[in-house]
> 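Please see the structure below; I have some questions.
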Amino acid sequence: MRMSKSFVPTLKEVPADATVASHQLLVRAGYIRQLSAGIYSILPLGQRAILKITGIVREEMDAIGAQEFYLPALNPREIWEESGRWSVMGENMFRLKDRKGADLCLAMTHEEIFTVLARAELRSYRQLPQTWYQIQTKFRDEPRPKSGLLRVRQFTMKDSYSFDMNREGLDQAFEAHRQAYVKIFGRCGLKTVQVDAHSGAMGGSGSTEFMVATDAGEDLIASCEACGYAANTEKAESRVETPDKYKAAGASPALDEFATPGVTTIEALSKAPHGVAADQQLKTLVYLGDEQPLIAIVRGDDQLNEAKLQTASGASVLRQAHAEEIQKWLGAKPGSLGGVGLGEKANLRVFVDSRLAGLSGLVTGANKDGFHLRNVSVPRDLAHAKSVDLRTVNAGEGCPRCGKPLVVGKALEVGHIFKLGTRYSESMGARVLDEGGKEVPIVMGSYGIGVERILAGAVELHHDQDGIRFPMSIAPFHLALLPLQMQDAAVRDAAEKIYLDLTAAGVEVLLDDRDERAGVKFKDADLIGLPLRIAVGKKGLADGKIEWKVRGGKDVEFVPLAEVVARVQAAVRAGGGTLRK
RNA sequence: CGGGGCGUAGCGCAGCCUGGUAGCGCGCCUGCCUUGGGCGCAGGAGGUCGGAGGUUCGAAUCCUCUCGCCCCGACCA
C-alpha cells in the first residue's frame, strides 16, 4: 500500500481523553477513532490488524473442528425470556422496539440463539458432538466504557458453543478450546495466564479466564508463583489465620447492647472512645438476590466479595439494597446493622464468612440506630447464618493449595471459557435421544474471545516511547519501506522496485511515498509500529544497499539490494507472519 | 448508579475569577527555501465558544436547565 494514497491519520499529540497506552497509541497511529463513549470506528490500519487476528482465530477454531456460523445480532425478546436472561441482563442489554411495538434486543452473547438452532435441528446422539462458532459484533451497554478499546459497548467477539451428550464430552470440548486459546493468544503475541473465574450471568458449573497481565487491565488476579495456582479475585481463596483472640475466659458472656451515637463506620468504632479493633467487628451488608433480601457478614477488616455472595445465594441478579429497604427489614440504618436475632425473620437469608466460624467476643450493630452489641458469639448468636467463603483475598495471604504467599496483580481478560452444562438446554428445551431412546438435555459449553482486546492488549504489551511494536503475526503490514529523498529519482526508482519485488514475493509493504522529509517518515513508521523497516537513501544506494532495521532494535544494518527479498521473507516467517500467495 | 473533572478552529490548549475586538501552538492551503529523526521564512483559510433559557445596553465569561465526553468506586470478551 502506498502512504500517499492511504488514509493513515497520525497525530503528533496525545489525545486529551486517552489515558492508557493502547488507547493513546491506536488513536495517534491512525488505527481507530472514537465515535461515542465506548464506540469506535476502526480505520484501515486497524482493520488490517483485526483481520490478521480473526484470521488466526479462525485457523485455530477450524483446527479443533469448529464450524463457522454468522448469527443475527438483532434478537426477539421471546427467546431471551425462555432462558430467563431478558431480565437477568438488566440494563446491560440494549433493547428496542420494532414498528409494531414488539420488543427486540441487541445480543450481548449467543447462547440463546445457538440453543434455538440446536433444539430445532439436533435430534439424536448420533449428531453429537458439535462445535459451532462465529466472529460477530456484540452489544453491551456497559455502565462505564473506558480505556479505548479495552472496555466498549460494541465489539467483535469470537464466540463458540459445544454440544455434547455428557460431562465427558463437555470436558473434551472444554479442553480443546483451552488448547486452541493458548495457541491463538500465543500466536497473537500475548502472554496469558489462565485463572479460575466466576461464571456470572453466563451460569454453569465452572469457567476459566485467559488474562494478560497489564496495569491497564481492570481485573485483579491472585496467583501463586510456587505452585501455579491462579484465580480471579472474584473467585480466589486463601489460607488465613483467624485466632479466636477476643474470646472471653470462662463461660461466654451474654450479649450487651451499648450506645454508639453517630458511629456508622468500622473505622469510627475502632477509634476512641469505643476502641473496638476492626478485626473484632462484624461488617453487615444487605443485598437483594433476585429481589429477595440477603444479609452478608464479614470481618470488619475484610472486603465482601459480591461474586462469592452471588454464588452462595444462587441469585442470578444481585444488587445492594437501598437505605429504605434496609430500614424496612432490619429496622435501622446502615452503620448500626447486625445479623444477631434475624433467625426469626424467615424471609431474611443470612450468610457469614467462614473465617468467622467459631469466634466469639465480637461486636456488631444492634439493628437500632446508635447502638451496637458486644460479646457476640458466632456459634451462639449467628447460628441461623450459613457459613460460606465471602471475603476477597489480599496479596500476601496463603495460597489455598500450597500456603505460600499469593501475589495480586491487574490483568486484562481476553478470553473466557465456560462449562454451561444443561443451564440452557434445560430452560430452553434442547434435548436429543440417547442410545437407549431416552430424551436427555444437551450438555453445553460456551467460549469467548474479545477480538479488539487482543489488539489493544498486544499494544499494551508491545510499545515504547516512539510508538507501537507490533508482533509480526498481527501487524497491519509486515514492513515499512521508506524512500528518504523523494526528490532523488534514483532513490524513488530503487524504492519502487523493492516495493514491487517484495509485493510479488508475498510481503505486505507499506511504502511511504509521500513527499515528506526523512524525519517525518521515521517518526510515523515508529508510531505505526510495523516490525520491519527498510530505508532507501542516497548513502546506502551508492553502495547498492538499503538500511535494514527491526522495530525496537537498536542497530541499522546495510543489506545489498539483491538480498532484500529473501531476507524479508525469512524475517516474516520467523516472526510468525504469513506471506501472501 | 455514587463522587470528581472537562466541553472554545481538525488536534492540543489559553481566555472565564473581574462581562465589551475570540487568541496561541500543531495541523491544513499558497509561495520561496530546505531535504537522513516531526526544517525555516512569508502570506492565508478555518470558530453556532456543546445546546436551550435567563440576567444585562452588551455574555465564551454571570445564573438555571440540559446534552456529551473523561477519570475514580460498584458490573463483563
Side-chain angles (χ1 to χ4, degrees), chain A residues 9-20 23 27-28 33-39 57 89-93 108-110 135-160 181 197-202 207 209-212 217-219 232 234 285 287 303-307 310 317-320 322 412-418 446-457 466-467 482-488 491 515-527 533 535-541 547 549 556:
Chain A
T10 58
L11 301 174
K12 278 188 183 179
E13 288 175 290
V14 177
D17 51 8
T19 52
V20 303
H23 187 193
V27 172
R28 277 192 62 207
R33 286 292 185 268
Q34 181 178 39
L35 178 63
S36 181
I39 305 177
V57 169
M89 291 310 193
E91 300 205 299
N92 269 15
M93 188 149 73
M108 307 172 64
T109 172
H110 279 77
I135 295 171
Q136 189 247 18
T137 305
K138 299 287 186 265
F139 298 88
R140 298 186 181 180
D141 195 0
E142 292 288 340
R144 186 150 108 75
K146 58 177 288 201
S147 305
L149 294 183
L150 294 184
R151 182 185 195 75
V152 292
R153 298 194 292 170
Q154 170 177 343
F155 62 99
T156 309
M157 184 195 278
K158 186 289 296 176
D159 48 322
S160 47
Y181 278 30
H198 176 64
S199 293
M202 242 22 114
S207 71
E209 289 169 334
F210 288 76
M211 306 295 252
V212 174
E218 300 180 86
D219 283 86
N232 195 305
E234 288 181 345
L285 299 146
Y287 282 79
Q303 284 293 117
L304 172 73
N305 187 322
E306 291 188 3
Q310 184 178 7
V317 180
L318 189 72
R319 69 164 172 88
Q320 285 193 299
H322 303 133
L412 170 70
E413 180 185 357
V414 290
H416 199 161
I417 55 181
F418 298 86
S446 151
Y447 317 87
I449 286 179
V451 172
E452 290 89 344
R453 275 194 183 170
I454 292 182
L455 176 63
D466 297 319
L482 313 184
L484 298 182
Q485 298 93 11
M486 287 302 285
Q487 70 286 359
D488 185 316
V491 169
D515 188 15
E516 291 285 354
R517 298 167 64 90
V520 172
K521 297 187 180 186
F522 286 134
K523 287 288 185 187
D524 271 345
D526 287 346
L527 183 59
R533 185 184 89 190
V536 181
K538 282 192 282 197
K539 289 182 200 165
L541 223 45
E547 295 156 49
K549 186 169 182 297
V556 172

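So that the names make sense, note that chain A is the first sequence line, chain B the second, and so on, each numbered from 1.
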> What one-letter contact string describes nucleotides 6-13 of chain B from 5' to 3', where B marks a base within less than 4.0 Å of any protein heavy atom, S marks contact via sugar-phosphate atoms alone, and - marks no contact?
-----BSS
> Using 0.5 Å steps for rounding, measure from the CG atom of L318(A) to the CD atom of E306(A).
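One finds 5.5 Å between CG of L318(A) and CD of E306(A).
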> Does a side-chain N or O from T156(A) land closer than 4.0 Å to OP1 or OP2 of A77(B), or not?
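For A77(B), OP1/OP2 do not have a side-chain N/O of T156(A) under 4.0 Å.
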> Taking R453(A) for its side chain and L150(A) for its backbone only, find out whether a donor-acceptor pair lies under 3.5 Å.
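Judged by distance alone, yes, a pair lies under 3.5 Å.
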> What contact category does V414(A) fall into here, base, sugar-phosphate, or nothing, at under 4.0 angstrom with non-hydrogen atoms?
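Here V414(A) touches the backbone only, sparing every base.
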> Between C17(B) and C62(B), how many Å separate the two P atoms, rounded to a whole number?
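Each nucleotide's P atom is 5 Å from the other's.
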> Pick the closest RNA chain B nucleotide for G540(A) and for S147(A) by heavy atoms, then say which residue is nearer the 5' end.
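Final value for this comparison: G540(A).
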> Given atom CZ of R144(A) and atom C1' of G68(B), what is their separation to the nearest angstrom?
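That distance rounds to 16 Å.
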> So, K146(A) and H23(A): side-chain donor and acceptor under 3.5 Å apart, yes or no?
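Looking only at side-chain atoms, H23(A) and K146(A) do not form any donor-acceptor pair under 3.5 Å.
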> Determine the interatomic distance between P on G3(B) and the same-named atom on A45(B); round to the nearest Å.
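It comes out at 47 Å once rounded to the nearest Å.
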> Spell out yes or no: do the side chain of E516(A) and the base of G38(B) have one donor N/O and one acceptor N/O closer than 3.5 Å?
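Result: no qualifying N/O pair found.
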> Please state how far atom CG in N232(A) lies from atom C1' in A77(B), giving the value in whole angstrom units.
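These atoms are roughly 13 Å apart.
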> Using Watson-Crick or G-U wobble geometry with both distances under 3.5 Å, which nucleotide pairs with C13(B)?
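G23(B) is the nucleotide pairing with C13(B).
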> Roughly how many Å is it from CG in L455(A) to P in A77(B), rounded to a whole number?
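Result: 19 Å.
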> To the nearest Å, how far apart are E547(A) CD and G37(B) P?
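My rounded result for the distance is 11 Å.
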> Tell me whether R153(A) contacts the main-chain N or O of E142(A) through its side chain, where contact means a donor paired with an acceptor under 3.5 Å.
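Here the side-chain-to-backbone pair does not exist.
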> Which listed nucleotide (C69(B), C75(B), U35(B)) is nearest to the side chain of E142(A)?
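The answer is C75(B).
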> Which part of the nucleic acid does G415(A) contact within heavy-atom distance under 4.0 Å: base, sugar-phosphate only, or nothing?
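If one applies the 4.0 Å heavy-atom cut-off, G415(A) turns out to touch the sugar-phosphate alone, with no base involved.
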> With a 3.5 angstrom cut-off on both distances, give the Watson-Crick or G-U wobble partner of G7(B), or none if there isn't one.
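Result: C67(B).
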> What contact category does I449(A) fall into here, base, sugar-phosphate, or nothing, at under 4.0 angstrom with non-hydrogen atoms?
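Sugar-phosphate, backbone atoms only, no base.
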> In whole angstroms, how far is the P atom of G36(B) from the NZ atom of K523(A)?
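Interatomic distance, NZ of K523(A) to P of G36(B): 15 Å.
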> Please report the distance separating the P of C28(B) from the corresponding atom of G23(B), rounded so that it comes out in whole Å.
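Approximately 22 Å lies between the P atom of C28(B) and that of G23(B).
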> Just to be sure I understand the rule, does T19(A) reach a base, reach only the sugar-phosphate, or reach nothing, if contact means heavy atoms closer than 4.0 Å?
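T19(A): backbone/sugar contact only, no base atoms under 4.0 Å.
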> Among the nucleotides C75(B), C69(B), G36(B), which one has an atom lying closest to any side-chain atom of E218(A)?
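Comparing C75(B), C69(B), G36(B) against the side chain of E218(A), the answer is C75(B).
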> In whole Å, what is the span from the NZ atom of K12(A) to the C1' atom of G37(B)?
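Rounded to whole Å, this separation is 12 Å.
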> Report the distance from atom CG of L527(A) to atom C1' of C26(B), rounded to the nearest whole Å.
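Going from CG in L527(A) over to C1' in C26(B) covers 15 Å.
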> Rounded to the nearest Å, what distance is computed from the CZ atom of residue F522(A) to the C1' atom of nucleotide U35(B)?
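After rounding, the gap between these two atoms is 12 Å.
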> Regarding K146(A), tell me which of base, sugar-phosphate or nothing describes its non-hydrogen contacts under 4.0 Å with the strands shown.
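K146(A): backbone/sugar contact only, no base atoms under 4.0 Å.
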> Identify which nucleotide among G36(B), C69(B), C76(B) has an atom closest to any side-chain atom of K539(A), counting heavy atoms from C-beta outward.
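From the listed options, G36(B) comes nearest.
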> Classify D524(A) by what it touches in the nucleic acid, base, sugar-phosphate, or nothing, heavy-atom distance under 4.0 Å.
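Base, at least one base atom sits under 4.0 Å.
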> Roughly how far apart, to the nearest Å, are A9(B) and A52(B) at atom C1'?
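About 23 Å, rounded to a whole number of Å.
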> For P483(A), does its backbone N or O pair with a side-chain atom of K521(A) as donor and acceptor, under 3.5 Å?
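Pair found, side chain donor or acceptor close to backbone of P483(A).
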> Answer with yes or no whether R151(A) presents, from its side chain, a donor or acceptor under 3.5 Å of a partner atom in the base of C75(B).
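Side chain to base: pair found, below 3.5 Å.
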> Look at the side chain of R517(A) against the base of G40(B) and say whether a donor-acceptor pair falls under 3.5 Å; ignore hydrogens and angles.
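Under the 3.5 Å cut-off, the side chain and the base do not form any donor-acceptor pair.
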> For A42(B) versus G50(B), give the span between their P atoms, rounded off to a whole number of Å.
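So the two P atoms sit 32 Å from each other.
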> Considering only the C1' atoms, how many Å lie between U66(B) and G27(B), rounded to the nearest integer?
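These two C1' atoms come out 33 Å apart once rounded.
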> Nearest to the side chain of P143(A) - A74(B), C76(B), G38(B)?
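For the P143(A) side chain, the nearest candidate turns out to be A74(B).
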> Quick check on RNA chain B: between K521(A) and F155(A), whose nearest nucleotide comes earlier from the 5' end?
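Result of the comparison: K521(A).
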> From the options C76(B), G38(B), G36(B), select the nucleotide whose nearest atom is closest to the side chain of R28(A).
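For R28(A), the side-chain atoms sit closest to G38(B).
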> Main chain of A197(A), side chain of S207(A): is a donor-acceptor contact present, judged purely on distance under 3.5 Å?
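Indeed, once roles are kept as given, a pair shorter than 3.5 Å links the two residues.
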> How long is the straight-line distance from CD of Q485(A) back to CG of D515(A), given to the nearest 0.5 Å?
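Separation between the atoms: 11.5 Å.
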> Quick check: does any side chain N or O of D159(A) sit under 3.5 Å from a backbone N or O of G448(A), one acting as donor and the other as acceptor?
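No, the answer is negative, given that no donor and acceptor are paired below the 3.5 Å cut-off.
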> For E452(A) and T156(A), test the side chains for any donor-to-acceptor distance below 3.5 angstrom and give the result as yes or no.
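Note: E452(A) and T156(A) side chains meet the donor-acceptor criterion.
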> Checking all strands, does E91(A) fall into the base, sugar-phosphate, or nothing category for heavy-atom contacts under 4.0 angstrom?
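Nothing: the residue E91(A), judged by heavy atoms under 4.0 Å, touches no strand.
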> Please determine, for G31(B), whether a Watson-Crick or G-U wobble partner exists with both distances under 3.5 Å, and give it or none.
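C41(B) is the nucleotide pairing with G31(B).
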> For G47(B), give its Watson-Crick or G-U wobble partner with both distances under 3.5 Å, or none.
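The answer is none; no pair meets the criterion.
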> Under 4.0 angstrom, heavy atoms only, what part of the nucleic acid is N92(A) near: base, sugar-phosphate, or nothing?
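Since only primed, P, OP1 and OP2 atoms lie under 4.0 Å of N92(A), the category is sugar-phosphate.
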